[in-house]
Structure formats: C-alpha cells, structure tokens
Protein chains: 2
Amino acid sequence: MGQQVLDKNLKNKEVRVIIIEDYKLTRVGLRYALNEIENINVVAEAQNAEIGLELIKKEKPDVVLMDLGLPGINGLEATAQVKNISPDTKIIILTSHDREEEVIASLGSGASGYCLKDIDPITLSGVIKNVAKGACWIDSNVAHLALKVFPKPENTEIMSVSHSSEAKTRLTERENEVLKLLVQGKSNTQIAQELIVSVHTAKAHVCSILQKLCVDDRVQAAVKAIKEGIVSV
Amino acid sequence: MGQQVLDKNLKNKEVRVIIIEDYKLTRVGLRYALNEIENINVVAEAQNAEIGLELIKKEKPDVVLMDLGLPGINGLEATAQVKNISPDTKIIILTSHDREEEVIASLGSGASGYCLKDIDPITLSGVIKNVAKGACWIDSNVAHLALKVFPKPENTEIMSVSHSSEAKTRLTERENEVLKLLVQGKSNTQIAQELIVSVHTAKAHVCSILQKLCVDDRVQAAVKAIKEGIVSV
DNA sequence: TTGAATATTACCCAATTGGCTAATAAATAA
DNA sequence: TTATTTATTAGCCAATTGGGTAATATTCAA
C-alpha cells in the first residue's frame, strides 16, 4: 500500500544496471567507475549476449549497457531480445562504432541511448539515470546521423488542437500501472496479485481505463495503448 | 581539423544561450535560473520568433531554447529558420506539448533536443551543455514517440531466424484474417459476422491462433501480432 | 486414390469479463 | 473547511471467453 508513496518520494531511486561487454578490462573498469556514482548499482555483467540475456531475465535491470561488437549474438540482436524478455528495461548502446547504419539500427532495435566509448563516466552516469526514466540520449558525435531520420514537416502550421494523447494524461498513475500489466496479457486476477490488491480493485481500474480510453474491451485498450505509446512494447 | 582537439580541451567552454518564449514570467525566470549555472550564459531573450531570429543572426548563440506556441511565426518555423541563418546553433524545444506530431516535426525541423517544461533546471542545464556539443536529448515523457521513427532493421545478421516469420507463416490465411479483426478489438461474434461464418468457426480460428502464437488469451495475441508485425497498426 | 491440411459447424463447461451500483479512506484542491 | 479526485473493496449479473472433443466438406499434394 505504501508502495506508490515510497516510489514518489524516492526521486533518487537506485538505478540497477547490467553491463554486456566482451573486453574484461572495459567491463570491469566500467563497473568500478559506475559503482562510485550515487544511485547507480551495477548488479551484474556479462562478456557475451547469451549470458547477458539470462542475467537480464533474472534481474530485470533498469538499464543495460550494451556493446555492439559481441561474439556470438551481436549487440543489435541482443537489444531486440532484451525488449522481448524485459520490456521495461532500457538499453544504452556503448560502442566505438560511429557508422550511421549502426546508430539507426540500434535505435530501431529498441535502444534508448547511444554512447561512444570515449564518453566520460560522469556524463555516462547522467545518461544512465535519465534514460532509466525514459529519456533518449544520443552522443554528440553521432546525433546528427540519427536526427537525419526525422522527416522535414511540410506544413509548419502546427496541426491544430486535436488531442491524440489527451487520453494519456487522463489516466492516473495507478491506471497506467494496470494498463501496462494488461498489455502484458495479464488477467484481472493476475493484475490483482501483482499489485497486491483485491480482484475487485483491479477490475475497477480496468473498467475506468476502458472508459477513459473510449474502448469496449481490454484488447482494444491494449492496442490503443501501444499505438499511442502510452506503454512501451 | 583542430576543431575536435579544441573542443576536447575546452571542457569548460561557456555555452551562449538565447531564450525565445512568449510568457515573460517563464522567460525571465528561466534566464535567472540558467545564469546561476556555471558555464551557461543567457546572452539574449525574445518574446517572439521575429525578434528572436534577429538576435540569433547577431549573436550566433550556441544554443536556442525555443518555445513551440509562439505568436506570429511559430516555434517550428522558427527552428527551421535558425538552421538557415546560423547552422551551428543548436535548438532545444522547450514546451508543454507532448503530441507525437510536434515532437517529430520539431526534430525534423532541426531541433536537437526536446524538453517538457516540467524539467528541473539542473537537468536542463546539463542538456544545454551536451546539446551544445552536438548531442541529442529527448525528454523521458516523449522519447518513445520519437524512437518509434527509427525502423526496425531487417537483418540483424546472425540468428533471428526464429519467432517472427515462423509464427507468421504458420498462420493460415483465414487465421490471419481473424487475427486482424481480433487486433481491432472485435469479439468472436463480431468476427463471425464480418466473415459471414458461425460464431463457432470464429472461435475455432481464435483458438488455433492462440495455440500457434503460444499465448494464453486474445490480448496477448493482439500484442504479439503488433510486436512481430504480423498485422500492421 | 489417398492422406494431410484447412475451413466449417456444434456442444459442454468452468472461468473471466465488463457493466452496474455503492461504500470507505486518503490525499488534494478550492 | 469543504469538495473533488483517487484508490480501495464488494456484490450482482449477463455475456464472453477459452478448452475440450468431434463431425463434415474441401482442397491440395503425394
């Protein structure tokens, strides 16, 4: 019950990080550097994607620092997999590759951040904390490559005042929690168990979500939530 | 050639900022807050784009903080213009609008950063410094909207032979039809009506879809269908 | 021709869902 | 202080869902 209150007050919630990097020296050095930073906790590290994905499945970290050039499964494929096994985990690519295709492909595969390895640890720690909250960060040396992807708008008129994300702001925090679980295919019973409330409560939340999103059932709610980006997939 | 070297050595280079924002209170408050920060210097401010663009032409600032909802020339147009009159100047959109079109259009018009107005000044100052160096930053509340733009890479090399195409090809044509309707939130009854078959038939199709996709209910089926691109949304 | 896959229909049954009203407590806003 | 919002719980009820088994017709490849 005090859970939300705790989360609200804990602005400085600890960010749990897993590092996937094949070079031991880089990997270990990075861990030591990051563990020096307040509110960042490197909970595990792996020298390849296979081991890393197992760890992610267990730990469900907030952030994964992912190298691109890994033996076996490469960082790109691993990034896509992380999104499957732990949708809420954010991925930051940490590499020395600055080719356009790799930057675009990384972000397309689900990464929220792209850092080159000459980044200083202080900046990196800031990036980790912010990406954990949902932000997007792209290193100064490759940002222009990524920004090219965004199409130039034809009419800079600013498309009137139609509110597509109007529904989003109407949902309460609790309802957003429920919606996220709903999208994961959880039943009312499962949602109730996860949030440690009665089934009636879960049901009530789902009902108000349906009304607020103006849909008839939970399938439509899930689809709409994905379409509008209310929950990440 | 010496550019990078210079930038690297001048870690504490002052960042020159211009603020374009119509509300005086916000504008002035922002200036005071930012001038408190080391290495950030607000060199000018304007309450509309016309004045702002003149100032930018004179001052050639490192960063412009741009409001979207401006009287006269709006922030989107202004952003594009800034890139014409001062190509090296970076633009950070500072707005309360969180609509997808505006986020995409802003980045497409040349902005390197997108912040919502409830950002705290400390974070904003960090964003300003990093965007000045060339980085890209998108606020945690809208980052997912921007990241959607990046296309999923087809060939992440190596494996990926797995799930997506496999599951898709396993579905029969009829099942794909049903799945599409299911994603639209149709009930078995509605699906049956649409396909002009009995409810039993629709139900049978849904059942085999669930089995083939290895999911427990239609919500998960819908989510998986969208995630794997089996149906387009 | 014959077997395999697909599409169709049907019935039974336990579980879940969504709509409805309604009460309580806590926090927030006016 | 009072009103509103939010989170929680509860019960009732009609409808839907998903699992199971099973039969029939069609098409297509071996």
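Per chain, numbering begins at 1; letters A, B, ... match sequence-line order. The basis for the numbers below is simple: all heavy atoms, side chains too, and nothing from hydrogens, waters or symmetry mates.
- Put simply, A/Arg174 has a side-chain N or O that comes within less than 4.0 Å of OP1 or OP2 on D/dT8.
- Side-chain atoms of A/Lys203 and base atoms of D/dG11 include no donor and acceptor less than 3.5 Å apart.
- A/His200 has no side-chain polar atom (N or O) that falls below the 4.0 Å cut-off from OP1 or OP2 of D/dT8.
- Between the NE2 atom of B/His205 and the P atom of D/dG19 there is a distance of 16 Å, rounded to whole Å.
- Taking atom CD of residue B/Glu175 and atom C1' of nucleotide C/dT6, one finds them 8 Å apart after rounding to whole Å.
- Rounding to whole angstrom units, CD of residue A/Glu173 and C1' of C/dA26 are separated by 15 Å.
- Remark on DNA chain D: of its neighbouring residues B/Ala204 and B/Asp216, the 5'-side contact belongs to B/Asp216, judged by nearest-heavy-atom nucleotide.
- Atom NZ of A/Lys60 sits in a crowded spot, with more than 12 heavy atoms from other residues, nucleotides or ligands closer than 6.0 Å.
- Salt bridge status for B/Glu102 with B/Arg99: present, with a side-chain N to carboxylate O gap under 4.0 Å.
- With distances taken from any side-chain atom of B/Ser187 to the nucleotides C/dT9, D/dT16, D/dG19, the minimum falls on D/dT16.
- At whole-Å resolution of the value, CG in B/Leu210 and C1' in D/dG20 are 14 Å apart.
- In this structure, B/Asn188 does not reach the D/dT16 phosphate: none of its side-chain N or O atoms is under 4.0 Å from OP1 or OP2.
- Of all the heavy atoms in B/Ala143 and B/Ile138, the pair that sits closest is CA-CG2, 3.6 Å.
- B/Val64 pairs in a side-chain contact (heavy atoms from CB on, under 4.5 Å) with only one of the listed residues (B/Leu94, B/Thr79, B/Ile20, B/Leu55), which is B/Ile20.
- Between B/Arg27 and B/Asp22 there is no salt bridge, since none of the side-chain N atoms of the basic residue sits less than 4.0 Å from a carboxylate O of the acidic one.
- Protein atom NZ of A/Lys212 is 11 Å distant from nucleotide atom C1' of D/dA7, rounded to whole Å.
- Rounded to an integer number of Å, the gap from A/Asn176 CG to D/dT6 P is 12 Å.
- The shortest distance between the side-chain N/O atoms of B/Thr201 and the OP1/OP2 oxygens of C/dA7 is not below 4.0 Å.
- A/Leu195 has its CG atom 17 Å from the P atom of D/dT6, to the nearest Å.
- Across D/dT9, C/dG19, D/dG18, the shortest atom-to-atom separation from the side chain of A/Cys207 is found for C/dG19.
- Using a 4.0 Å cut-off, some side-chain N or O of A/Thr172 falls inside it from OP1 or OP2 of D/dA7.
- Between B/Ile209 atom CD1 and D/dT17 atom P there is a gap of 13 Å when expressed in whole angstrom units.
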